[in-house]
Amino acid sequence: MTHGRRSENRTVAVSALARVEGEGSLHIEIRNDVVASVSLDIFEPPRFFEALLRGRRHTEAPDITARICGICPVAYEMSACAAIEDACGVTVDTRIESLRRLLYCGEWIQSHALHVYLLHAPDFLGCQDALELAELDRTAVERGLQLKRIGNLLMEAVGGRAVHPVNVKVGGFYRAPDVASLQALAEPLRVARELALETVSWVGGFEFPDVEGDYRFVALRHPDRYAIDSGRVVSSDGLDLSPAGFAEVAVEEHVERSTALHARLDGLPYLTGPLARYALNSSQLPAVAREAATAAGLGAVCRNPFQSIVVRAVELVYACDEALRLVETYEPPVPASVDVAPSAATGAGATEAPRGLLVHVYELDGEGLIRNARIMPPTSQNQLTIEEDLRRVVTGGLSLSDSELTWRCEQAVRNHDPCISCAAHFLDLTVKRS
Amino acid sequence: MTSSIDQQLPTLAVWKFASCDGCQLSLLDAEEELLSLAGRVQIAYFTEMTKVTVAGPYDLSLVEGSITTPDDVERIAAVRQASRRLVTIGACATAGGIQGLRNFAASGEYASAVYAHPEYLATLDTSTPISAHVPVDYELHGCPIDKMQLLEVITAQLAGRRPAIPGHSVCQECKARGTVCLLVSKGVPCLGPVTRAGCGALCPSIDRGCFGCFGPADTANTAALAARLGQDGMTRVDISRLFRTFNANAPAFREESLTHDPR
């Protein structure tokens with residue numbers, strides 16, 4: 001296609017990104033066939049969560065921070081609980097831990113199903129949205145909605161409701177669900193696991209642009225399982241840190257065009273989320289998920305960001321399988337929560353939100369009032385890497401027409417399932433930079 | 001379906017201001033109803049769901065989020081102008097949301113303390129509901145809203161009737177589901193007596209006091225409840241905090257929280 005085509009200046013501009021959570025835009029300048037500038041702009045207004053948490057009780061952090069994101073509230077509740085419990089020197093027993101992971105699986109299922117079917121798949125099939133996709137393939141969209149519904153059912157059974165669950169508290173749960181109500185979910189979860197396997201085959205058959213990122217992956221790692229709710233922060237270049245240690249070395253920068261902070265590790269961008277988790281922990285997936293991944297053509301590491309949809313589908317299989325295992329072995333924690341007496345200390349907590357690593361740090365006073373809060377959401381950690389992806393996509397896609405290139409750039413942003421409401425609400429209160 | 005019929009479908013637009021996305025997600029969470037709803041209305045603007053945008057005017061606009069920037073003051077005016085009916089959804093759009101806690105801080109306290117470069121941003125010192133800026137046809141409460149209530153409001157608006165949404169308190173929902181009163185039987189602090197119904201009295205059913213997600217009920221006697229909480233041993237500052245969350249700027253909750261604010 002380059003034959004006979006002269007060098008030119010072009011602009012790719014998308015004023016309001018669609019099928020992402022929140023409000024963002026995209027601006028790319030190409031001069032003489034070279035990418036001159038790329039910016040993913042986040043113009044969602046900040047909500048100052050870190051300021052409004054000051055002076056609130058340590059027990060209020062899960063409910064308040066849940067309101068950062070309606071799509072991944074459990075992630076916020078879980079990272080908040082982990083950080084507060086860390087500060088207060090409390091560990092919960094394995095039954096509480098398992099019930100938390102079960103709730104978290106519900107969120108992974110609903111969030112991944114939403115992203116795969118309603119937000120991302122239309123890109124691969126030339127559709128404007130899932131409604132147009134439903135006209136082409138109603139069965140596929142109904143499969144996605146059914147998966148999403150089962151994820152929501154799980155969140156309702158454990159958390160009370162799907163958006164901003166009410167049953168989570170620092171130390172555990174207000175009331176543990178009874179055995180019968182969770183056993184009733186076993187059959188829907190078996191169905192969901194089948195639907196998730198069908199999802200892997202379906203998205204595995206999509207066509208993927210030939211792009212590979214030289215990513216620096218960062219994810220939680222747990223000794224016994226594919227990490228969701230706890231673990232140490234590890235990277236593809238050998239970092240192995242506690243959540244508190246990670247929070248100390250990750251530096252966030254406030255730049256003019258974004259209300260999200262840009263995070264760096266040792267001065268370099270990094271990537272969290274499904275690609276990172278899969279690259280670092282795929283050997284820990286259960287056989288059913290590993291076999292599905294192999295059948296869909298994934299190796300042990302996937303560096304093509306467009307194939308993140310396949311990795312997300314593999315994680316759907318894992319989340320359904322893990323949830324099924326947890327409901328089948330469920331024993332209600334007694335009591336449903338442990339006391340968390342306040343302590344004048346600082347604590348950190350990290351969990352894997354569907355779209356990546358979510359770190360909370362709280363400094364408490366002796367009465368349990370929050371003196372300082374710091375929250376690092378996945379999208380602000382990924383923002384620089386998403387921009388690097390866009391450079392690669394544009395450089396490799398110069399032969400595309402303007403409309404095709406714009407489409408592919410939007411798709412490249414959606415590869416990382418950005419959550420802009422989350423990203424925009426975090427501005428570092430404690431660090432002043434000249 | 002022919003395009004001429006398409007053009008006769010009422011148009012639906014969904015707008016986002018400062019918010020968490022959870023209330024518009026409730027529309028996508030109506031998994032069983034979503035595809036049939038899409039056959040009854042033309043989704044004309046809903047960036048969370050589609051790249052397609054159709055120019056206004058719109059028959060029905062759903063507005064999520066609160067007003068926190070000068071730009072958004074102008075944007076909501078344009079949305080109102082383009083909308084035949086405008087319905088606000090959720091605590092942010094109806095009461096300013098959790099980000100409305102800044103309204104209790106000294107002017108500029110949050111913004112000046114927060115930013116490395118405050119000059120990069122233009123934010124207001126306040127977070128205000130949509131009704132503080134433009135006329136609103138209906139307000140649907142909740143943090144988050146209930147998806148069945150949302151479907152009822154959409155249906156009613158398109159049919160030109162009044163939505164059947166209760167204005168009574170969570171207490172009645174507890175009675176309806178047979179939940180023993182936590183406040184009376186165990187002394188658990190509970191905002192149920194003054195909070196609007198709609199969640200189905202979720203929290204008391206799991207031994208948790210209501211924390212006011214749906215905002216004040218139509219006739220909320222907050223002073224009587226606060227007096228009772230005080231008799232049960234709750235400190236003034238904790239009473240103030242209890243009223244000061246997602247609906248902190250709803251007038252009844254705001255006034256009660258200020259009454260007990262020790263500052």
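Small disclaimer: the values here were computed from a predicted structure and weren't measured. Order of the sequence lines sets the chain letters (A, B, ...), proteins ahead of strands, with each chain counted from 1.
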Non-hydrogen atoms of chain A under 4.5 Å away: do they reach the side chain of [X], the backbone, both or neither?
X	answer
Ile43(B)	side chain
Ser205(B)	backbone
Arg241(B)	both
Gln24(B)	neither
Leu28(B)	both

- Taking Glu31(B) as the fixed residue, which of Gln146(A), Lys148(A), Arg149(A) is the one that meets the side-chain hydrogen bond (donor to acceptor under 3.5 Å, both in side chains) rule? Lys148(A)
Could you tell me if the side chain of [Y] sits less than 4.5 Å from the side chain of [X], heavy atoms only?
X	Y	result
Glu410(A)	Lys51(B)	yes
Leu131(A)	Met49(B)	yes
Val163(A)	Ile145(B)	no
Asp129(A)	Phe46(B)	no
Phe173(A)	Ile206(B)	no
His164(A)	Cys213(B)	no

Between [atom1] of [X] and [atom2] of [Y], what distance do you get to the nearest 0.5 Å?
X	Y	atom1	atom2	result
Ile64(A)	Phe211(B)	CD1	CZ	10.0 Å
Leu52(A)	Arg102(B)	CG	CZ	8.5 Å
Gln99(B)	Arg67(A)	CD	CZ	11.5 Å
Asn152(A)	Leu25(B)	CG	CG	7.5 Å

- Backbone of Ala18(B) reached by a side-chain donor or acceptor of Arg47(A) within 3.5 Å: no
- With sequence neighbours left out, write down each residue that passes side chain to side chain contact (heavy atoms under 4.5 Å, CB included) with Thr65(A), or none if nothing qualifies. Leu53(A), Ile68(A), Tyr76(A), Ala80(A), His360(A), Tyr362(A), Ile375(A)
- Task: Could you pull out all residues at least two apart from Arg371(A) that satisfy side chain to side chain contact (heavy atoms under 4.5 Å, CB included)?
- Result: Glu363(A), Asp365(A)
- Message: Shorter than 4.5 Å, heavy atoms on both sides: which option in Val52(B), Leu34(B), Thr47(B) has the most such pairs with chain A?
- Response: Thr47(B)
- Message: I'd like to verify something: which residue of Gly22(B), Cys143(B), Cys203(B) has the highest number of heavy-atom pairs under 4.5 Å with chain A?
- Response: Cys143(B)
Is it the side chain or the backbone of [X] that comes within 4.5 Å of chain B heavy atoms, both, or neither?
X	value
Asn167(A)	both
Leu119(A)	side chain
Leu147(A)	neither
Glu142(A)	side chain
Arg138(A)	side chain

- Got more than 12 heavy atoms from elsewhere within 6.0 Å of CZ, Arg177(B)? yes
- Message: Whether Asp29(B) and Arg161(A) form a salt bridge (side-chain N of Lys/Arg under 4.0 Å from carboxylate O of Asp/Glu) is what I want to check.
- Response: no
- Contacts with chain A made by residues 66-73 of chain B (heavy-atom distance under 4.5 Å), listed by residue number: Thr68(B), Thr69(B), Asp72(B)
- Item | Close contacts, residues 242-250 of chain B versus chain A, judged by heavy atoms under 4.5 Å | Arg244(B), Thr245(B), Phe246(B)
- Item | Minimum heavy-atom distance Tyr174(A)-Asp207(B), with the two atoms named | CD2-O, 4.4 Å
- Query: For Arg56(A) and Leu101(B), what are the C-alpha separation, side-chain angles and deciding distance, and is it a side chain to side chain contact (heavy atoms under 4.5 Å, CB included)?
  - Reply: CA-CA 11 Å; Arg56(A) 301 302 298 216; Leu101(B) 292 181; 3.8 Å; yes
